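All remarks here apply to the structure that follows.
The figures here come from the full heavy-atom set of this structure, side chains too, leaving out hydrogens, waters and symmetry mates. Naming: A, B, ... by sequence-line order, numbering from 1 per chain. Just so we're clear, the structure is a prediction, and the values are computed from it rather than from any experiment.
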Amino acid sequence: MKKKGLQKLGVLISVVLALAIVLPLAGGCTAGAPAPEEPWKCGYIGALATDVGRSSQRTTQIAIDEINAAGGLLGRQIEYVEADSTEEPLEGVKAYEYLAEHHKVDFIVSGCIDDVSLGWMPRLLEYKIPTLDTWTSAIRCIEIVHDDYEAGGKAYFMPHMNDYDQGAEYVAFANDLLAAEMGWDTMVLYYEDTAYGCGVAEWVRDEIGPGAGIETLGEVCYDIGTFDFTPVYSKIVAYDPDFIFHICSVNCVPPSAAYVEMEIPIPIFGVNVAACSAEFWDDMGGMAGGFNATMPPPTIGLEWDPVSQALIDKYKARWTDRPIFPHFNGFNAYQGIYHMVEAAERAGGFEPLDKWVKEMEKTDQILWRYGGHERRDDLSPTGQDIKWQYYMYYGPDHDYTHSCVLDQTGEHGRPGGMVMQWKLEKQDPLEATVGIIHPERWRNTEFVFVPWIPEEKRIQK
Amino acid sequence: MEQILIQGALLSGLYALIAMGFTMIFGVGRVLNLAHAGYVMVAGYSYFWATYMMGLPIVAGFAIAIAVSTGLAVGTYLGWVRRFLNDPTIVFVSTFIFALILEHVMTLAFFRENINVPPIVVGMTQVMGCPVSNNLVAAVIASWACIGAVLFFVRKTHMGRAMRALAMDRRGAIISGINPDMVNLTTWAISGALAGVAGVFWGSYTFLVPSLWVLPLIMSFAIVVIGGLGSIEGTLAAAHIVGFMETATVLAINDKLRSVPGLVIMIIVLLARPKGLFGR
Amino acid sequence: MAFLEVKDLEAYYGKAQALKSVSFNVEKGGCIGIIGPNGAGKSTLLDSIIGLTDWRGQIIFNGVDLHRLTPRAIVKLGIGYAPERGNLFTYMDVKDNLLVGAYLAREKIDENLGEVFEMLPRLEERQKQQAETLSGGERQMLSLGRAFMTDPKLLLLDEPTLGLAPIVISRIADVLENLKKTGITIVIAEQNVTFTMTHAERLYLLERGQLTMGGTPEELRGEEYISKTYFGV
Amino acid sequence: MIRRLRWWLIAIAVMCVLPLFVPLGFPVSVIRLLVMGSYLAIFAMSWDMMSGHTGYISFGHPFLIGLAGYVTAFLSHQEGFQPPHIVLPLAVTLPLGVAAAVGGGMLFFFPSMRVRGPYFALVSLAFMEILHRLIIAVRPEFTGGDRGLPNLPSVVMGAIPNYYLSLGLMFATAIGLWYVSRSNVGNVLKAIRMDEDVVEASGISTYRFKRFAFLLSAVTAGLGGVFYTHYLASINPRRAFSAILLLDIIISAVIGGMGTIVGPMFGGYFLTFILEYLRPYLFGQWRLLAYALVAIFMVIYKPKGFYGIAQDVASWFQTRKRRSAQYGY
């Protein structure tokens, strides 16, 4: 009796499974080619369970809603679709294929981490879909764009600085603050083994020493899977440097927490991606006080220009769960989509690709501290308005094709690597209580040492 | 050198605690529960949720973590493992998938960000010139207390003796009036509780991330195989072998190779003496 | 009513029938022997009484029907079992082995332990030794002792003399006599007919799963079939 | 011969004409999925040859796949990391990759087949983890370290050529392994799975049979591995040695029906498709959760997999047929 029941169950399961496989196939067959009046499709790819992924996912939605509300692109609305890459390179490839072939999207916004982006780069070359990569700064991606420009690499844009340019920013910071102001001359380079960590470390190693007269006593590289940092810090302490230059993007909270828990008696500076997240305080279990990090410009703690402030307001009104505040890639995705859409408007769409890329490469956008999108050169530099944010992409003849131009001279106003610091006590439970300590022009809070750094380590000129 | 000794001893204590629950289940039921490290991960999150997010006292956090992991272990056993005790492959594969399910659920609940659990005991101590966090010392003391309690339980109580009896001779145990199902269930519950304690300490020693179970699982594998599957004494010894080797590797060679020496020893032991150093 | 009543007992191993319509009774305080060749079903019969096989028919012990009871419940009712080759816990010491036997009879541990050590002084000497290091005779004694620790009213002994030297057998025989004096009912399953005849009040011959003959030792000794087959006369 | 291959021929014919419908609106995304499915099917069958047939459950199959993939990727990488700065053509690197899988397998995996059951699973998992660590830590400037090697040359470009390539590979593997599993060798292997000691006792040297099964498995894994790597055109350690890939392979084989070749093949396609079809309906992690739940339910309630279900269905129909012939209803 029971056996027969099982058999019937078997038949039922088989039928359901067969239907499950056949029905979508049939559905796929009936869907024809998109008619001209159909909306544009914007695909989002990224890890939807991470803060990084969600920041750009949400600001992408905001940007598209705004564009649609303003009448869309060339009279057509933009439809938003998404695919989760779950931080797995293979899933990333599948997700990219899904967007390209199932949805036939017109352009893609990505919030993928380095190795996921590198995983789908070959697919980008194949499909040649305009893609905006808002998180990774891997120089390998840029190299592919540069080397295979005509093969399809030109469809790729990176609305922020690449590894090497970021490294240059940190060198400037080391010059200004660490060497000139603090008078330190030895350091340990401490970085995680990711495309980002190694890329920046390479730059810092080659440039900081000669550039700022700081001697690198040693290098400590750790795996992103590392969970026990006691031995790592023991190695660092053994070098006895003036300060630690720390570079991390994926596994940031654990080394930071270990630093606080172990009360390492050496000041720590560098790039800490997690520290620019508004959740840093909670993720650290309330031990974030005094922590500082060098960040690409749009970061918490900064005073905002009206465009970014409007974005933040919309973001906060719409989402209250984690991340409560967009990461810098959220701002970049938002601006980047505008660049793509404006370029498409000028080029009459995303096809042909060449024309769109030409227009996109002409992007030259300045966000003013008190102004808006429009160029208001008359107000600057004598007026009260100052240049706040600056977007422009390197062309095909530059080595860093299609990543954002680094403006180190300050001519366009972009801050040269901002250093933010968490205050020792969290003041507002919802707001990040951080301030900018460097560079001088943007400083809005005083730099403090964490309490356990001994006096002799606090040398200042 | 002192560094290796101290760090190694501390790490080994935690490893022993995780591997202990793992080996007990194999000893009594002859199945490998790959979800064990998953319980460790979930317990860590439960503790974090209770103490940091809900603001409950530490004791309550411990109780919740232990309750959750024990519940998961008992649920796994009663849910399906009980029916497949004679088919280790199914238990093997299904518990592995279950660990993955736990990871997905935790990702949905807490996201895939690294979370730091506030230390249970704050501060640092200098031991023989090496900095050691008080939290880790507390964790290791607690581990040893748990290990001691388990050893006492297994040796000196009726239930503990029944567990050992069942592991050695099932038929002999049954005719002595032991209900194997009940003993198995108790073993799973104890193993779950150990995973709970281990989870809190492991979480506060390292950090929380939903994929936290993979490394402890692989290390417990190596430990129980080296020590001899099912042998508690062997597990203790092997945990120290692996712990010291790992610390030495990290400090002297390369941080990224931390799991390699343990695994190499495991392979050598398996091929040369498949029953493990203390196995029977 | 008999203390243990077995009626029309049938048991299977997979599809092979191991016991066919076995019936016998045991009186309280009595000692019976089941004799028969290897593979006749003696162990299956004892396993069925303790609840280890899936059987049909009727087994009534002390007024309780044992059908579908778990071994645990049956042990709790007061049946102890010393199986063939002991099924000892080899990596535990002797005392722990005995204590496992007391799993369900915890309140009488001290009393029973004292009695076991009195009956089997050898075990007291070796109580800290691992079971795997014991000799064959000591193992058999330990198995007996462990069964006694369950505080039984009925003791099932499976091949207590298997593979033992004559001198050791005589020691086991002494223990058996001591056990009988305590008033415990005993069922012995044995190939060693001489031994069984010396101690049992009543004997049954089990062949190919069926009881073919039964009677007092004197009656059976007279049977030509028995003398021929089992004494080789 | 033709009779025995009837179903295979029908399946091949149907799969071969599918791309002809692309101009008529058949979605290319499905073709892409079938490519992914084919590779997973190859891996699952390879796993099945070794583990499903002999009962030596391998938890380290990505070791073979990843080794093959890394060797070919390393040798054919455009920047020519190898010392003399030459880039070898694919015709050389592909066979070298397969040879690496077979050689590495024979060197490390096969000797561990001395231990059985969970122990073998542990050793194979350990080998996978060790290779993973070594690739990350030793000479990362050659292996690409954590980031791997991106932008590898492709064997063929585009969805449909790749589809035919993977399909040919898949069917060649499937029919080859299917023949072996139906032969006497296959029967001995299944007997080993039931009880190796009994087989040994009956005078058959299980060693040679295990070695044969393992060789077949390694060759298939290597073949699948090299083409898969060049299809994805990038390789990195997190993907090559991930628990996800390992689990996909095992689950495909288990839910398809272990030891049947056809079952794991179907399991590979099923898994690929269910994951993709859930994508529009379930947000990110929910999709993976749903997939894991389906897998665990299949393992617990249908340990014999789809093959078992198909057999149930067939026998159900047969019973009905017989009954209707007997009683006339």
Could you measure the distance from the [atom1] atom of [X] to the [atom2] atom of [Y]? Nearest 0.5 Å is fine.
X	Y	atom1	atom2	result
B/Ser259	D/Glu129	OG	CD	4.5 Å
B/Leu271	D/Met113	CG	CE	13.0 Å
B/Leu263	D/Leu131	CG	CG	12.0 Å

Region of [X] in contact with chain B, defined by heavy-atom distances below 4.5 Å:
X	answer
D/Leu293	both
D/Ile250	side chain
D/Leu122	both
D/Val115	side chain
D/Tyr291	neither
D/Ile296	both

B/Leu257 and D/Ile136: CA distance, side-chain angles, deciding distance, side chain to side chain contact (heavy atoms under 4.5 Å, CB included) verdict: CA-CA 9 Å; B/Leu257 291 175; D/Ile136 292 181; over 6 Å; no
Do other residues, nucleotides or ligands put more than 12 heavy atoms under 6.0 Å from the [atom1] atom of [X]?
X	atom1	answer
D/Met106	CE	yes
D/Arg208	CZ	no
D/Lys210	NZ	yes

When D/Ile130, D/Leu125, D/Val254 are compared by non-hydrogen pairs under 4.5 Å with chain B, the top option: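 Between D/Ile130, D/Leu125, D/Val254, the count favours D/Ile130.
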With D/Phe214 via ring pair (Phe, Tyr, Trp, His ring centres under 6.0 Å) - residues at least two apart: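 With sequence neighbours excluded, D/Phe214 shows a ring pair (Phe, Tyr, Trp, His ring centres under 6.0 Å) to D/Phe110, given in chain and number order.
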Nearest heavy atoms of B/Pro274 and D/Tyr119, plus distance in Å: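 That would be O-CE2, 3.6 Å.
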Residue-level interface, residues 37-46 of chain B with chain D, non-hydrogen cut-off under 4.5 Å: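 Hits under 4.5 Å: none found.
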Side chain, backbone, both or neither of B/Arg258 within contact of chain D (heavy atoms, under 4.5 Å):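 Nothing of B/Arg258, per the 4.5 Å heavy-atom cut-off to chain D.
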Heavy-atom proximity to chain D below 4.5 Å, by part of B/Leu270: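 Both parts, backbone and side chain.
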Where at least one partner belongs to residues 257-282 of chain D, residue pairs that pass salt bridge (charged side-chain N to carboxylate O under 4.0 Å, His left out), sequence neighbours excluded: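 Those involving residues 257-282 of chain D are A/Glu91-D/Arg279, D/Glu276-D/Arg279.
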Pairs of heavy atoms under 4.5 Å with chain D: top-ranked of B/Val214, B/Val260, B/Ile267: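 Option with the top pair count is B/Ile267.
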Can you give the donor-acceptor pairs under 3.5 Å from side chains of residues 90-109 of chain B to other protein atoms, not counting sequence neighbours?
unit_1, atom_1, unit_2, atom_2, d
B/Ser94, OG, B/Trp80, NE1, 2.8
B/Ser94, OG, B/Ile90, O, 2.7
B/Ser94, OG, B/Val91, O, 3.3
B/Thr95, OG1, B/Leu34, N, 3.1
B/Thr95, OG1, B/Val91, O, 2.6
B/Thr95, OG1, B/Phe92, O, 3.2
B/Glu103, OE1, B/Trp213, NE1, 2.8
B/His104, ND1, D/Gln285, NE2, 3.0
B/Thr107, OG1, B/Glu103, O, 2.6

pair D/Ile300-B/Phe84: side-chain heavy atoms closer than 4.5 Å: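 When only atoms from C-beta onward are counted, B/Phe84 and D/Ile300 do touch, with a gap below 4.5 Å.
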